[in-house]
Protein chains: 2
Amino acid sequence: MRISDVAKHAGVSPSTVSYVLSGKRSISETTRRRVRESIDALGYQPHAGARSLASRRSNVIALVIPLREDVHVPVAMRFAVSVTTSARTHDHDVLLLTQGEGPDGLRRVAGSAMCDGVIVMDVEADDARVPVLRSLDLPSVLIGVPEDVEGLTCVDLDFAAAGAACLHHLADLGHTDVAFVGQPPSVYERRTGFAERTVAGYEAAARERGVRATLHPCSPDTARDVAAGLVRDRPDLTGLIVHNEPSVAPLLDAFQELGRTPPELSVAVIGPPAPVVPPLTSVDLPAEAVGARAVQLLMDKIDGLGGPGVTLLEPRLTPAGSTAPRT
Amino acid sequence: MRISDVAKHAGVSPSTVSYVLSGKRSISETTRRRVRESIDALGYQPHAGARSLASRRSNVIALVIPLREDVHVPVAMRFAVSVTTSARTHDHDVLLLTQGEGPDGLRRVAGSAMCDGVIVMDVEADDARVPVLRSLDLPSVLIGVPEDVEGLTCVDLDFAAAGAACLHHLADLGHTDVAFVGQPPSVYERRTGFAERTVAGYEAAARERGVRATLHPCSPDTARDVAAGLVRDRPDLTGLIVHNEPSVAPLLDAFQELGRTPPELSVAVIGPPAPVVPPLTSVDLPAEAVGARAVQLLMDKIDGLGGPGVTLLEPRLTPAGSTAPRT
DNA sequence: GTGAAAGCGCTAACAC
DNA sequence: GTGTTAGCGCTTTCAC
């Protein structure tokens, strides 16, 4: 089943079928309909390899997913699904690259023309893949923001604004002593962009508002200790910002056992709304929007449109019962 | 940069370069070396589309990942990563299909020759994709086992054996009253193979051993109620089997508050070892092994080797401090 | 052990 | 608005 079979069936030339499919030149309404009918009748599907050979377009994008222990998998998956779904609306498929392949994976897919572009997740401040991307002339979009963004196209949530939004929210409620429970230490050590920027936004806002503000890296299994340490050392603490999805539940449990429960201890979280009752004041992480935007930007680049630039999506803080005015 | 450039550089014909790359005919050691050197010197990489057009092999496999609310994402991701990594060792890449595309996604990638085969995850007892797979003559491997396995190649953990192993372990310790806390109700309603089989194995073993055994679907937000119900209605309960990864922590917390802690209440879990201290007696879910096996089986099918069949990997129960003899 | 050349199925000039 | 045709870059017969 090839394009010439469809052409014969419809009584037109192969190129006409091709143009009906691509819409790259105008076709009379009658011809278009006849061709469409033949395509349906025969169940024709173009051969992807032949198409990519002739058109120099694979209609595939690559997605590099993170695999680190300290990356919250469900969030990564939300990005991946969003990218895949969005790509389909642009008639592209998604090739999965694991971070384990590193820069070589990028060279491989670029060199063999397996994909038209690549989306890289979990970008660090000084990411080894960035120089490779610069040298590769493969259209790319980063989800995350490295230190040097020269020539790159990046998308992310405005994490600095998210950190600031939480602090301003608490400051507006009268809190003057706040702690920030963050990502596992390793995340800061490898200088993951989003984590650094969140803290920077939080600390800047705290200075601005004259709020006492400290930082406490955390992971689910150290949550208990972090809570105990805060209760012991910070008697005046009334505000808590948590930027660590899987630690939210253990942290709240620990604080509760220590006699501190929201909203007496006002808690705001940065991340997907945890399915806890009652709901928490939170800044959502719009993975779907970020993924869709990344795909859109990549499609533009593939089509030679748009230049480099950093797109930061505005965070939205949703107040809930876990934060209240200081008493 | 094409194969003919490499051929010229090495002073051989294009076909010789092709054969050096594919190993499909014998090449003299000297020629092989010269060609290899030219390939390295020029940094040649074959064009994937051209290759797939000429050879009718894309060297890509598709992977359908589940996206359901009730599927535990980190486990699904472990499968996906294992499949991707294994595929690379067989010189294949992985195309991501979301479950949202359903049967049409399979038809699409099969019809356009985008991939040589497909691996389908999260298979249900009566799965809509199975008849499509049967009609498609696209090599496929299912991770999971549907009701009718005629003509299919399936891999999975032997969940029936896992359920039985937990019960036998508890029975060996003298427990005679056991409860099984399972997946969310929706998982059973849509008849997901692995959940049904686990329960079946558990119940059969319980009958065999004369143990009182009941089933309790659960999700993280109903864990508290499930625990309360069991404490209230089952005063003689001393054994618990949990087949619900994200509910383990809330469940144990709830039981603790009700005065029941391991190993007085002996708890065994089916799933990846939870990072809790002290560790729990558990049956591991060998996602890596299952993914690797699925890829191996698929590669064999693509090469025309091996027939249909169901491969069940033996579970391994690792005893730990959460289970103890009944007192 | 190696080379020549005929496709693989499609796209996009070019021609009308 | 439509048809003809020359590639796209590789694999694989066929021939030696």
Side-chain angles (χ1 to χ4, degrees), chain A residues 1-36 38-39 42-60 91 108-116 302-304, chain B residues 1-36 38-39 42-60 91 93 108-116 302-303:
Chain A
M1 169 63 40
R2 311 168 311 171
I3 199 168
S4 59
D5 298 322
V6 177
K8 258 172 223 148
H9 187 274
V12 298
S13 74
S15 60
T16 297
V17 177
S18 175
Y19 283 120
V20 166
L21 250 19
S22 70
K24 288 191 182 170
R25 80 179 182 193
S26 57
I27 304 277
S28 74
E29 185 47 41
T30 37
T31 306
R32 194 205 316 288
R33 228 200 16 262
R34 267 221 317 283
V35 170
R36 287 247 127 86
S38 296
I39 289 175
L42 301 177
Y44 169 71
Q45 289 181 257
H47 187 287
R51 181 172 257 187
S52 95
L53 178 57
S55 69
R56 333 196 113 254
R57 283 286 206 98
S58 64
N59 275 42
V60 168
D91 197 30
R108 189 168 56 79
V109 295
S112 59
M114 293 207 332
C115 63
D116 303 328
I302 290 172
D303 294 336
Chain B
M1 170 59 43
R2 309 167 313 171
I3 199 169
S4 59
D5 298 322
V6 177
K8 256 172 227 149
H9 187 274
V12 299
S13 73
S15 59
T16 298
V17 177
S18 175
Y19 284 119
V20 167
L21 251 17
S22 69
K24 288 191 182 170
R25 81 178 179 191
S26 57
I27 305 275
S28 74
E29 185 48 40
T30 39
T31 306
R32 193 207 315 288
R33 228 200 19 261
R34 266 221 317 285
V35 170
R36 286 247 127 87
S38 296
I39 289 174
L42 301 177
Y44 169 71
Q45 290 181 256
H47 187 288
R51 180 170 258 188
S52 94
L53 178 57
S55 69
R56 332 195 116 252
R57 282 286 204 101
S58 64
N59 275 43
V60 168
D91 196 32
D93 273 285
R108 189 168 56 78
V109 294
S112 60
M114 294 207 330
C115 63
D116 302 329
I302 290 172
D303 294 336

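Note that the structure is a prediction, hence the values are computed from the model and not measured. Quick note: numbers below take in every heavy atom, side chains included, and nothing from hydrogens, waters or symmetry partners. Within every chain, numbering begins at 1; the chains are lettered A, B, ... in the order of the sequence lines, protein sequences first and strands thereafter.
In this structure, B:Arg57 places its CZ atom 14 Å from C1' of D:dT12, rounding to the nearest Å. In this structure, CZ of A:Arg32 is placed 13 Å from C1' of D:dT2, rounded to the nearest angstrom. One atom, NZ of A:Lys8, and another, C1' of D:dG3, lie 15 Å apart when rounded to the nearest Å.
An OP1 or OP2 oxygen of C:dG3 is reached within less than 4.0 angstrom by a side-chain nitrogen or oxygen of B:Thr16. OP1 or OP2 of D:dT2 has at least one side-chain nitrogen or oxygen of A:Ser28 nearer than 4.0 Å.
Listed for the B:Ser58 side chain is a donor-acceptor partner under 3.5 Å among the backbone atoms of B:Met114. Side-chain atoms of B:Asp91 never come within 3.5 Å of backbone atoms of B:Asn59 as a donor-acceptor pair (strictly under, hydrogens ignored).
Side-chain N/O atoms of A:Thr16 and A:Ser13 include a donor and acceptor closer than 3.5 Å. Residues A:Ser4 and A:Arg2 bring a donor and an acceptor atom of their side chains to less than 3.5 Å of each other.
How far CG of A:Leu42 is from NZ of A:Lys8: 11.5 Å, rounded to the nearest 0.5 Å.
For A:Leu21, the side-chain contact (heavy atoms from CB on, under 4.5 Å) partners two or more places apart in sequence, or in a different chain, are A:Val17, A:Ile39, A:Tyr44, A:Pro46, A:Arg51.
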Can you pull every protein N or O that's under 3.5 Å from an N or O on nucleotides 9-11 of chain D?
| unit_1 | atom_1 | unit_2 | atom_2 | d |
| --- | --- | --- | --- | --- |
| D:dG9 | OP1 | A:Arg56 | NH2 | 2.6 |
| D:dC10 | OP1 | B:Tyr44 | OH | 2.3 |
| D:dC10 | OP1 | B:His47 | N | 3.3 |
| D:dC10 | OP2 | B:Ile3 | N | 2.4 |
| D:dC10 | O5' | B:Tyr44 | OH | 3.3 |
| D:dT11 | OP1 | B:Arg51 | NE | 2.8 |
| D:dT11 | OP1 | B:Arg51 | NH2 | 3.3 |
| D:dT11 | OP2 | B:Ser18 | OG | 2.8 |

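For B:Val12, taking side-chain heavy atoms from C-beta onward, the closest of the listed nucleotides D:dG3, C:dG3, D:dT2 is C:dG3.
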